[in-house]
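What follows is one structure encoded as structure tokens, with my remarks underneath.
No experiment lies behind these values; they were computed from the predicted model shown. Protein chains get the first letters and strands the later ones, always in sequence-line order, with residue 1 at the start of each.
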Amino acid sequence: MTDDGRTVIPLHERVVSPAASGRDFAAELNPDQLAAATHGDGPLLIVAGAGSGKTRTLVYRVAHLVDRGVRPERILLLTFTRRAAHEMLSRAERLIGSASRNVHGGTFHATAHRLLRRFGPAAGLPRDFSIMDQGDSADLMQISRAALGFGAGAKRFPKKETLHHVYSRHVNTGIAMEDIVRDEYPRFIEYIPDFTRLYADYTLRKQERNLVDYDDLLLLWAMLLEASPELASDIAGLYDHILVDEYQDTNALQARILRGMARMHSNVTVVGDDAQSIYSFRGATIRNILDFPAQFPGTRVVTLDRNYRSTPQILGTSNTLIAHAGERFAKTLWTDRAAAERPLLVTARDEPQQTRYVVDRILELHEEGIALRSIAVLFRAGYMSADLEIELANRKIPFEKWGGIKFLEAAHVKDVLAFLRVLENPRDEVSWYRLLLLLPGIGEATARSAMEALAAAAWDSAAFGGFVPPPRARAAHASLVALLGTLRSAPEADDARVAREIGHVRTMYDAMVRDRYDRPEPRLADLDQLQTIAAGFPDRTTFLSALALEPPSATQDFAGASADSEDDALVLSTVHSAKGKEWDAVFVISAVDGLFPSTRALGSDEDTEEERRLMYVAMTRARDHLSVVHPLNSYGSQRGADYSLTQLSRFVDPEVRATMQHVALGSDDRAAEPVLVEQRGPVVDLRALLRGRFGAV
DNA sequence: TTTTGAAGTCTCTCC
DNA sequence: GACTTCAAAA
């Protein structure tokens with residue numbers, strides 16, 4: 001290697017010797033896995049079916065590279081979640097020792113963040129930028145919208161979330177903004193010129209406020225790679241090998257980044273399963289994986305189709321389900337695991353019965369010796385577990401919910417963070433705006449004029465103290481100024497600093513919470529939790545960036561730092577959050593047409609196909625037991641009970657059903673099937689009584 | 001200009 | 001059911 005460590009040793013020229021890790025790869029991997037793990041230089045596409053040992057193969061590949069002399073810090077491992085990166089690196093560590101700790105791993109966004117802090121200044125991006133999450137971005141869109149005076153007309157102007165969605169999609173997919181509006185929001189076509197102006201203002205505003213949104217992280221990374229040859233080789237030159245997990249869920253912009261990073265050596269390994277692509281709403285396209293061989297000439301393709309996870313019966317059902325999908329890398333998973341029970345298709349009368357069935361069955365499995373942690377209940381969207389959560393709480397069964405956690409999006413949490421963010425970046429308009437609106441007596445108009453005053457004073461924080469609010473807001477303004485002053489003069493950094501700052505903020509903010517909400521307690525508890533998390537971070541900058549980039553996927557992740565997962569708890573998860581995981585027993589609930597697939601996805605064939613893949617992901621999470629449950633009557637659990645969904649999910653078609661065992665709960669035709677119901681709860685079911693008022697007697 | 005109450009909108013998935 | 005938007009009152 002040269003002294004700058006950049007020269008790549010042509011691996012294929014080196015003699016294959018017993019691995020330095022002391023491992024006999026051939027004995028521990030199957031032939032396909034071995035071929036992938038020990039592939040030399042050049043592009044490699046691993047098409048890895050569910051449960052085929054994908055992570056294992058990737059870990060061994062890292063070990064192989066290190067064995068053959070690639071320095072760990074020159075390997076970049078891009079994964080989809082922090083959890084995946086962590087798991088892979090710790091498994092690599094077990095395999096090859098502490099050297100693997102130096103492998104760089106993380107999500108695309110987190111890696112972008114790291115590179116931008118380091119190389120951004122060379123391209124005019126300040127080192128101390130703040131990261132906006134999705135909600136912040138939408139808020140800034142709203143500020144732009146107000147500043148430009150859009151939406152005053154009679155016809156409805158797009159909501160800020162819509163504005164952000166179109167923008168984000170454009171950045172991530174490269175599709176022209178006009179086309180996105182035409183396809184997805186035809187009723188807003190007339191506003192296209194306004195969209196354009198608004199996005200220009202938004203972009204300028206971000207720059208002036210030193211703010212960077214999620215999409216910018218990727219976009220700026222790509223631009224750094226394309227801006228100047230010197231910069232590009234500095235950045236791309238950091239790594240000799242790049243490995244990407246879950247490649248089917250990357251988008252066009254991420255593929256562009258990958259090309260830029262690999263341009264000097266084409267040592268790219270991507271792993272993915274086109275049958276599990278479930279993130280198109282975020283711009284992901286299975287074209288990335290289908291077209292990879294064309295993008296990287298000379299690609300070697302290895303297919304892993306032996307499944308080590310599930311019983312043949314579960315695999316049979318899953319294979320049948322996915323067989324109808326359109327374009328894909330054809331592969332049918334197989335296994336030599338012993339035969340077992342067929343997956344269950346359970347028909348419940350309604351949601352309460354579905355809930356009781358699932359809970360009863362979980363308790364049975366638990367009594368048979370399966371840990372709660374090895375059981376999961378999966379659903380299409382976070383709200384679908386509401387009924388189940390109540391029942392679990394009543395029966396004192398511990399559970400942990402993944403996905404759909406809105407902790408960081410909760411207004412009170414964002415409020416507290418806004419204080420810190422203003423200290424961090426005095427130009428953070430989104431956070432200033434948020435703080436100002438908290439003060440009684442200050443509304444949009446006053447907030448805007450305060451912002452203008454601040455902007456005019458070059459965001460000098462002293463200018464905020466000089467701002468004269470309307471009389472009724474004087475007192476609140478004064479105490480905010482005082483609080484910010486206290487926070488600024490806080491003593492030097494120490495470990496408890498961020499938590500202490502939050503404590504200061506709460507001397508003012510807690511009163512507002514009590515004032516504003518009918519039930520302040522849970523919200524205050526959230527703030528306690530936020531404080532606890534903060535204690536784990538050395539400084540404010542790290543804390544704020546980490547929160548934006550690595551939001552915890554379960555509430556327990558917060559407490560988790562020390563307490564960890566000692567206690568045994570059932571997992572409730574959205575299918576999206578369950579990706580890459582596996583359990584002994586899996587329940588897929590609310591498999592009802594209209595819920596899963598969701599009505600929204602039935603508009604286009606592509607969306608429907610993605611829902612099918614989502615169902616496939618759900619089913620293939622199961623090792624030994626799989627139950628698909630559907631209630632015959634799913635009411636719109638809210639007002640306007642005029643719609644009720646009754647049909648089993650279309651994905652469980654006759655062919656799929658033929659591979660399952662059908663269980664009908666308490667149906668009128670008392671089949672030979674076991675009826676597992678009969679609750680121990682109250683004799684009178686109030687909800688059923690209420691429903692009785694509207695339905696048949 | 002802010003606040004308040006009523007009507008209206010839309011339900012997801014995540015970095 | 002939660003949140004936004006709109007119109008009228010303080």
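In this structure, A:N425 contributes its side chain and A:R209 its backbone to a donor-acceptor pair below 3.5 Å. Of the possible polar contacts, none joining the A:S577 side chain to the A:S573 backbone as a donor-acceptor pair under 3.5 Å is found.
Counting only N and O atoms by type, the side chains of A:N288 and A:N251 include no donor and acceptor under 3.5 Å apart.
Distance A:E609 CD to B:dT13 C1': 18 Å, rounded to the nearest Å. What separates CZ of A:F281 from P of B:dT13 is a distance of 8 Å, to the nearest Å. Between the P atom of B:dT1 and the CG atom of A:L437 lies a distance of 14 Å, rounded to the nearest Å. One interatomic measurement links the two molecules: CZ of A:R187 to C1' of B:dT9, which rounds to 10 Å at whole-angstrom precision. The distance between atom NE2 of A:H165 and atom C1' of B:dT13, rounded to the nearest whole Å, is 12 Å. Between the CD atom of A:E161 and the P atom of C:dC3 there is a distance of 12 Å, given to the nearest Å. Straight-line distance from the CZ atom of A:F157 to the C1' atom of B:dG8: 20 Å, rounded to whole Å. Remark: C1' of B:dT4 and CG of A:D515 are 15 Å apart, rounded to the nearest angstrom.
The phosphate of B:dC14 (OP1 or OP2) has a side-chain N or O of A:S577 nearer than 4.0 angstrom. Put simply, A:S168 has no side-chain N or O that comes within less than 4.0 Å of OP1 or OP2 on B:dC14.
A:P470 comes within 4.0 angstrom of no nucleic acid atom, judged by non-hydrogen atoms across all strands. A:S598 comes within 4.0 angstrom of nothing in the nucleic acid, heavy atoms only. Across all strands shown, A:F108 has no heavy atoms under 4.0 Å from either base or sugar-phosphate atoms.
Comparing B:dC10, B:dT1, C:dT4 by their nearest atom to the side chain of A:A445 picks out B:dT1. Which of C:dT4, B:dC14, B:dT3 sits closest to the side chain of A:K160 comes down to C:dT4.
Nearest-nucleotide mapping onto DNA chain B: of A:Y279 and A:K159, the residue sitting toward the 5' end is A:K159. Closest-nucleotide positions on DNA chain B for A:E611 and A:L439 were compared, and the one nearer the 5' end corresponds to A:L439.
A tilted orientation is assigned to the rings of A:W221 and A:F108, their planes being inclined by 30° to 60°.
In this structure, A:R540 fails the cation-pi test against A:F543, since its NZ or CZ atom is not both closer than 6.0 Å to the six-membered ring centre and inside 45 degrees of the ring normal.
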